[in-house]
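No hydrogens, no waters, no symmetry mates; every other heavy atom, side chains included, goes into these values. Below, chains carry the letters A, B, ... as their sequence lines are ordered, and counting in each starts from 1.
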Amino acid sequence: MSLLRTHNCNELRKEHIGTAVTLAGWVNRRRDHGGLIFIDLRDRAGIVQTVFNPETSPDALKNAEEMRTEFVVRISGEVNLRPAGTENPHLATGDIEVIVKEAEILNTSRTPPFYINEEVEIEENLRLKYRYLDLRRPRMKENILLRHRVVKFMRDFLDARGFVDVETPILIKSTPEGARDYLVPSRVHPGEFYALPQSPQQIKQLLMVGGLEKYYQMARCFRDEDTRADRQPEHTQLDVEMSFVEQEDILRLMEELYTSLVTTITPQKRVVKPFPRFTYRDIMERYASDKPDLRYALEIADLTDIAGQTEFTIFTDAITGGGRVKGLAAPGCGNYTRHQLDELNRLVLDSGAKGLLTVSLGHPGGTLDELAIDDVKSVAAKYLTLDQIQEMAQLCRADKGDLLLIVAGQENEIYPALDVLRREIACRLKLADPDTFAFAFVVDFPMFTRSEETGKWEAIHHPFTHPRPEDIPLLDTSPGDVIGQNYDIICNGYELASGSIRIHNADLQRKIFKLMGYQDEEIENLFGHMLEAFDYGAPPHGGIAPGIDRTVMLLAGEDTIREVIAFPKTQSAMDLTFGAPSPVTEEQLKELHIDLREE
RNA sequence: GGCCCCGUGGUGUAGCGGUCUAACAUGCCACCCUGUCACGGUGGAGAUCGGGGGUUCAAAUCCCCCCGGGGUCGCCA
């Protein structure tokens, strides 16, 4: 195995009995019986019990008395069957133990700042400061090993299908759109900067022009924007691009990749193939989100028609103002207390909607037809007829005993509220099965949205997305109606991947840039390299980029991607292990031609 | 930048105006212990309760500001 050891701590079994072994690892636990000492030795592979006996090896025992938690030690001895009745079924190596003949302390350790041998929640900033110790703990160790298996699987999967792994530059050109770039000053070119890639988007398209046909890369992507539980300043994408493909080719490839990944890496989890497909419009209508958790239904119903017939002015005013009335049913929540209803109302207000109307549909039992007006509890009850309530309940697929949650207003203000409500109810009712991955494709996104600040058309995905061929004429007449050939993979409430068929024609690409308000000169400056490349026989191509961190997070059952990243950054983008970012010397700044401004 | 949550011995928690000279568990140190495996036993050390200011006769506890961590909106082509 190596010069320092013959076996790892997890591989010794009954068949090794009598074998002389040398092991090295960390002291996971020491049990000193005064004379007899047990030390659980731990390495990456696992744990084995070693026994120090004063009669067989007094010198080794002397060393063992010095050993403490997390000391690095090396022992030599013989594998023994444990005495009958002392086997430990919790250990893979629990049938045997190593009788130590010689022991050596390779390195001592201070008492760790937190438990390594116990699963206790530790404050995250402490874990991050001592991440190298945190990585020894089972949770992080397993997550990092899982991540390795996921990445290995993806590489093998794509290699087997003819994909070529190409490395692309990390120091590239800053582009104006999208996220804020991380900038790197140039020593050689005073006043000029490189940018770290937000993704290798343009580069991989040029690889297609370069004739690679099938490219992939574990690509690090950098975005100087605020973090979230599922967002870090740097993250890793499985960047994929293919030539001579249509959208359908890419979706099928991804469906195959993800289903085989899950069945191979986490066979205990459920996954449904084929993945359901939704248009953007459809999924927003039904779930008020472009990445809903589809492990549960809780579909959102459009109540605008019936709400417009009521005497309830909050509804009718909203509709008159061009808004909609939408709602969902919270199963079995008809008995919610005032306090619980207030909590839901608070969520709605915090999400920016004007308010929440709750309609309690009495007690469970019987059908909606048997609902009496006296069963109904709602502040709007006197403005609604029983027929209207029953119809709204029916549209929400509600039963007696349920709670209707209804929000009225403009779509852009009620959708966040409906999304929050849907997730909150699912959380309270524990509707999301932790052992299921509900993948889905979302397709047919609009290409452009009009910026509220500038009034300009902005790309929803990115400006290299190819419009649906039939929509190209709309570029001249109504850009907001143009649907792009782009697609997301969503799973359990997360956007896992995003991709598109790209433009490979310089004229069309130029047209898109112009539509977005770029002047000819800007276009040549910023994107001339792309447009020129398209003039030299660019093949039709498209791709996608699944997020590795989010994928591993889901497979690991974690709630944040920090748990699957060896050295993640905090919400304020700091690396607590290294203390980055940090000031640099005046000499360094001078070399880079940088003066710091007073803020 | 907005909103919300958290910060008490090394670690995890309790305490939420006076009984706090701050409790419990674990870890740590010492001694005892030859079959434990979260070993056991006895003893001990260890906290100006994130920092500052205020209210009060009295503050870990109430108020304000700041710092740090987290969640989220904005942001993330």
Side-chain angles (χ1 to χ4, degrees), chain A residues 28-41 47-56 61 68-70 80 82-91 93-94 97 99 110-130 133 175-181 198-199 201-202 221-233 235 343 346-347 349-352 413 416-417 419-420 423 445 447-449 451-453 456-465 484 486 495 498 500 512-513 516 526-527 547 559-560 562 569-572 574 576:
Chain A
N28 196 60
R29 236 175 247 283
R30 187 179 72 120
R31 290 179 294 281
D32 186 343
H33 286 246
L36 194 64
I37 295 180
F38 298 97
I39 283 186
D40 292 339
L41 191 65
I47 289 175
V48 66
Q49 171 166 283
T50 67
V51 188
F52 294 74
N53 193 314
E55 285 149 21
T56 49
L61 185 93
R68 292 292 181 274
T69 305
E70 296 310 309
N80 251 44
R82 288 194 183 199
T86 67
E87 302 85 359
N88 184 349
H90 302 298
L91 284 184
T93 57
E97 61 193 7
I99 306 297
R110 289 160 64 179
T111 302
F114 49 78
Y115 301 102
I116 293 178
N117 52 16
E118 243 175 86
E119 292 282 338
V120 182
E121 283 295 324
I122 310 291
E123 217 175 279
E124 199 175 355
N125 53 352
L126 193 69
R127 291 175 57 200
L128 291 180
K129 180 175 177 188
Y130 297 98
L133 298 180
T175 51
E177 283 228 16
R180 199 176 289 113
D181 282 326
Q198 295 173 27
S199 78
Q201 179 57 41
Q202 296 181 41
C221 304
F222 305 87
R223 295 173 190 181
D224 188 3
E225 299 290 352
D226 287 350
T227 65
R228 288 289 183 275
D230 62 349
R231 272 164 37 191
Q232 283 268 302
H235 75 282
E343 287 174 340
R346 170 56 48 194
L347 286 173
L349 293 174
D350 286 348
S351 71
E413 61 186 24
D419 180 33
V420 160
R423 282 185 281 132
F445 288 80
M447 287 271 292
F448 305 102
T449 177
S451 164
E452 293 195 6
E453 293 156 29
K456 287 182 181 171
W457 290 105
E458 293 180 341
I460 284 180
H461 185 56
H462 57 57
F464 307 104
T465 302
N486 51 335
E495 178 192 312
S498 191
S500 62
I512 301 284
F513 286 135
M516 295 171 62
L526 297 169
F527 304 108
D559 291 327
T560 98
R562 294 189 301 277
K569 293 183 176 53
T570 66
Q571 192 164 73
S572 57
M574 294 219 293
L576 296 181

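Comparing A/Pro463 and A/Leu576 along RNA chain B, the residue whose closest nucleotide (by nearest heavy atom) sits nearer the 5' end is A/Leu576.
Candidate nucleotides B/G69, B/C37, B/G71 were compared by shortest atom distance to the side chain of A/Ala229, and B/G71 ranks first. Of the candidate nucleotides B/U72, B/G35, B/U11, B/U11 has the atom lying nearest to any side-chain atom of A/Leu126. For A/Arg68, the listed nucleotide lying nearest its side chain is B/A30; candidates were B/A30, B/C39, B/G70. You'll find that the side chain of A/Thr69 is closest to B/C28, out of B/G71, B/C76, B/C28. Nearest nucleotide to the A/Pro54 side chain, out of B/U34, B/C75, B/G35: B/U34. For A/Arg231, the listed nucleotide lying nearest its side chain is B/C76; candidates were B/C76, B/U11, B/U36.
Rounding to the nearest 0.5 angstrom, the gap separating the CD atom in A/Gln198 from the CG atom in A/Asp224 is 9.5 Å.
At the heavy-atom level, A/Asp32 lies under 4.0 Å from base atoms of the strands shown. Backbone-only engagement by A/Ile460 is indicated by non-hydrogen atom pairs under 4.0 Å involving sugar-phosphate atoms exclusively.
Within the shown strands, nothing qualifies as a pairing partner of B/G35 under the Watson-Crick or G-U definition with both distances less than 3.5 Å. Summarising the base pairing, B/A23 is matched to B/U13 through a Watson-Crick or G-U wobble pair whose two defining distances lie under 3.5 Å. Look at B/C3: its Watson-Crick or wobble partner, with both distances under 3.5 angstrom, is B/G71.
Stacking of A/His90 onto the six-membered ring of B/C37 is not present when judged by under 5.5 angstrom between centres and under 30° between planes. The aromatic ring of A/Phe38 stacks onto the base of B/U36, its centre lying under 5.5 Å from the centre of the six-membered base ring with the two planes under 30° apart.
The side chain of A/Thr111 places no N or O atom within less than 4.0 Å of a non-bridging phosphate oxygen (OP1 or OP2) of B/G27. An OP1 or OP2 oxygen of B/G69 is reached within less than 4.0 angstrom by a side-chain nitrogen or oxygen of A/Ser572. Residue A/Arg31 has a polar side-chain atom (N or O) positioned under 4.0 Å from OP1 or OP2 of B/C39. Look at A/Arg562 and you'll find a side-chain N or O under 4.0 angstrom from OP1 or OP2 of B/G71. Distances shown here put every side-chain N or O of A/Arg228 at or beyond 4.0 Å from the OP1 or OP2 atom of B/G74. Contact check, A/Arg29 against B/A38: no side-chain N or O comes under 4.0 Å of OP1 or OP2. Between A/Gln571 and the phosphate of B/G71, there is a side-chain N or O to OP1/OP2 separation shorter than 4.0 Å.
Note on A/Glu124 versus A/Arg562: salt bridge recorded, some NZ/NE/NH1/NH2 to OD/OE distance being below 4.0 Å.
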